[in-house]
Every structure is written in C-alpha cells, then in structure tokens.
Amino acid sequence: PTIYIITPTYRRPEQMPELIRFAQTLMNVPNIHWIVADDANTTNYDVVDYLTYSSIPHTYLLTPMPEKYKQLSIKPKGVANRNGGLMWVREHATSGVVYFADDDNTYDIRLFQEIRYTERVSMFPVGLVTKAGLSSPVLKNGKFHGWYDGWIAKRKFPVDMAGFAVSVQYLLKMQNAEMPYKAGYEEDGFLRSLKIEPEEIEFKADKCTKIYVWHTQTKKNGPSQRTILQSKYNGTNLRILE
Ligand code: UGA
Ligand code: MN
C-alpha cells in the first residue's frame, strides 16, 4: 500500500532546512506519495524545486489558512493544509494509508513500515521533548487501557498529530471526516469524525513500546534584519531566505 504523507508547511527561515531534513528521510522510504501543502497564496519555488530534485513522488498544494483564523492569537496551525491534503487523497486515491507529518518533526524510517498496513486507524507513541517526555496510548496486557500525554484536557483522543494513521479505504467510508479549525483540538476533532472507538484502534510499534517519531521544534530567531541585509547585498551571489 502507498502511504500518503500530508505535510503542512509555511514560509519562514526554518522552512527549507526542515523540508530538506524530512526529504532526506523520505528518500529512504519506498512507495510513498508526499503531499506538501503550503500555507501560502503563491507558489514557493524553493520548495517546488527541492521536491523535484528529491525524486520523491509528490504533489504540491496551495492551502492558505483562511483570513479569519490568521487574526486569532492562538491559530489552528496546519488545518487548511491537512484538509486540503485530505481532499486531494479523496479525489485521487482508492487504497493506501494517510499520515499527517508536520515538517519539523523527527522521523525514523521504521515508522513507515509500521503504519503501512493500517486497516482502519492505527496509533503509536510520539516522543516529546517536553517534561511529559512522551505522548502514547497506554496498554495493559496488550489491550487499550488509557492515554499518556502532557495535556489530556477533555479530549476523547488526547494524542499528538504525529501519533496516528488512517487507511484510505476507511477515510473514503467516512465521507464527512475532516479536521476542525479548533486550536488544541485538531487531532481529537478529526479522530472523533472518523467514528472509531479507542478499543478498535490498531496499536503499532511493538504494542506501543517503541518510539519512531519525535515531536521536535527548531529554535526561532527574529527574521527582522534579513530584508535589510538582503537589500545590502543585491546584485551579489547572496540570497537570504525569509
Ligand atoms: C502542534 C501539533 O503537533 C500540530 O499538528 C498542530 O497543528 C499545532 O500544534 C497546533 O497548534 O495546532 P506545533 O509544533 O506547536 O504543533 O506547531 P507547528 O509545528 O508550528 O505547526 C504545525 C504544522 O503546521 C507544521 O507542519 C507547520 O509547518 C504548519 N504551519 C504552522 C502552517 O502551515 N502555518 C502556520 O501558520 C503555522
Ligand atoms: Mn511542530
């Protein structure tokens, strides 16, 4: 089965290094289709050129966040991107598996072997670099027992975006399944819309004892002086990405 990897991305100084790092991982994974969904109104040719160079089967989508959400202080990040990716899958795929892979996480290629044979919805641990250290289903005697996560809240599925996969066939059956524009509740809302119960989840990664994906973050630096720097070097070899 093909794995459809939906990756939200947006223009910022970290964008190219994040995508390069992830692409280098994906170059080692067979039978994938990488859907890179850009939160932008215009094509970013740095991204497109790199995708072409990588030879990874891919689709580049423009999936801008609607203006009304951009004004919020806590934005629903990556939602327009993921719903756009889901629409593409619904139109183009009849089998396979969907996985939401943020551009800034750290992926072990064994993850893709684990999720490739998802029948409906699979779940597995995600390493966190926070105090909690981990987000994972809790199993006892191999059966669903509960959840471990730094922030359970009132979520039915208190899991990380990187901690689950869905089969295309199941997704196609769930015609209304989509991700809500609700910061903090994106995973929960989407998984609820799949109408699955925790007991029915397929638990991967050696019964959730292995960590094959980490939720990581790249340190941000203020991009403020970049435009000033760039203008100073107009007409030279230097091109400073925004
Ligand atoms: C966490 C979750 O893991 C995300 O899946 C979730 O979307 C996000 O929180 C959220 O706040 O809703 P976090 O590491 O805090 O992730 O968020 P980012 O990595 O900054 O963004 C998640 C994804 O959305 C990334 O792939 C990023 O490239 C993309 N993004 C972010 C956009 O497309 N537009 C934005 O304005 C911000
Ligand atoms: Mn992130």
Side-chain angles (χ1 to χ4, degrees), residues 4-23 25-26 34-44 46-47 50-51 58-88 98-107 111 123-136 147 149-153 155 157-166 178-193 211-221 223 241-242:
Y4 295 89
I5 299 168
I6 299 176
T7 296
T9 192
Y10 70 114
R11 190 188 283 271
R12 66 212 192 274
E14 305 83 47
Q15 182 180 38
M16 285 315 295
E18 308 284 24
L19 289 172
I20 290 168
R21 188 154 38 89
F22 191 18
T25 302
L26 292 180
W34 193 14
I35 300 166
V36 177
D38 201 351
D39 179 357
N41 292 301
T42 53
T43 302
N44 182 335
D46 289 309
V47 172
Y50 196 77
L51 289 172
H58 64 268
T59 299
Y60 175 81
L61 302 176
L62 288 178
T63 51
M65 184 186 297
E67 283 302 327
K68 57 178 170 180
Y69 301 117
K70 278 192 199 170
Q71 289 150 17
L72 301 177
S73 56
I74 302 173
K75 300 178 186 64
K77 295 179 280 185
V79 174
N81 322 45
R82 297 191 196 93
N83 282 333
L86 286 174
M87 269 176 64
W88 188 94
V98 170
Y99 180 60
F100 296 126
D102 288 354
D103 59 0
D104 56 344
N105 290 336
T106 304
Y107 304 89
L111 173 71
M123 290 191 184
F124 35 86
V126 178
L128 303 180
V129 290
T130 60
K131 271 187 197 157
L134 181 72
S135 171
S136 178
W147 308 100
D149 191 274
W151 184 65
I152 299 285
R155 296 190 291 171
F157 298 100
V159 300
D160 194 272
M161 192 62 74
F164 61 91
V166 189
E178 62 172 1
M179 193 164 285
Y181 285 93
K182 207 175 157 194
Y185 294 86
E186 295 94 337
E187 300 89 347
D188 191 43
F190 176 68
L191 288 161
R192 283 173 190 256
S193 77
I211 298 175
Y212 294 136
V213 53
W214 289 81
H215 188 143
T216 45
Q217 281 180 315
T218 302
K219 183 174 173 289
K220 275 204 183 293
N221 284 293
L241 292 184
E242 295 253 0

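Each ligand, and each atom within it, is numbered from 1 in the order the structure gives.
Nearest-residue assignment for atom 24 (O) of ligand 1 (options Gly78, Pro76, Gly184; heavy-atom criterion): Gly78. Among Lys182, Arg11, Gln217, Arg82, the residue whose heavy atom lies nearest to atom 6 (C) of ligand 1 is Arg82. Among Thr216, Asp39, Val159, Asp104, the residue whose heavy atom sits closest to atom 34 (N) of ligand 1 is Asp39. Here atom 1 (C) of ligand 1 lies nearest to His215 when heavy atoms of Lys77, Gln15, His215 are compared. Counting heavy atoms only, Asp103 comes closest to atom 27 (C) of ligand 1 of the residues Asp102, Asp103, Asp160.
In this structure, Glu18 has no heavy atom closer than 4.0 Å to ligand 1.
Nearest protein heavy-atom neighbour of atom 30 (N) of ligand 1: Tyr10 CD2, 3.4 Å. Asn81 ND2, 3.0 Å is the protein heavy atom nearest to atom 33 (O) of ligand 1. Nearest protein neighbour of atom 12 (O) of ligand 1, counting heavy atoms only, is Glu186 OE2, 2.4 Å.
Phe22 approaches Asp103 most closely through the heavy-atom pair CB-O, 4.4 Å. Taking all atoms of both residues into account, the shortest heavy-atom contact from Leu19 to Thr7 is CD2-CG2, 4.5 Å.
Backbone and side-chain nitrogen or oxygen atoms of Met161 are examined, and none is located within less than 3.5 angstrom of a nitrogen or oxygen of ligand 1.
Within a 6.0 Å radius of NZ in Lys68, other residues, nucleotides and ligands contribute 12 heavy atoms or fewer.
Between Tyr99 and Phe124, the ring-plane angle classifies as tilted under the 30° and 60° cut-offs. Taking the six-membered ring where tryptophan is involved, the planes of Trp88 and Tyr4 are tilted, since the angle between them lies from 30° to 60°.
Interface of Pro8 with ligand 1, defined as ligand atoms under 4.0 Å from a residue heavy atom, comprises 24 (O), 25 (C), 26 (O), 27 (C), 28 (O), 29 (C).
Looking at Lys75 and Asp39, no side-chain N of the basic residue comes within less than 4.0 Å of a carboxylate O on the acidic one, giving no salt bridge.
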- Does the pair Thr218 and Glu18 meet the rule for a side-chain hydrogen bond (donor to acceptor under 3.5 Å, both in side chains), with working shown? CA-CA 8 Å; Thr218 302; Glu18 308 284 24; 2.8 Å; yes
- Message: I'd like to know whether Lys77 forms a salt bridge (charged side-chain N to carboxylate O under 4.0 Å, His left out) with Asp102, so could you lay out the CA-CA distance, the side-chain angles of the two residues, the decisive distance to 0.1 Å, and finally the verdict.
- Response: CA-CA 10 Å; Lys77 295 179 280 185; Asp102 288 354; over 6 Å; no
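Here Asp104 reaches the Mn ion (ligand 2): one of its N/O/S atoms is less than 2.8 Å from the metal.
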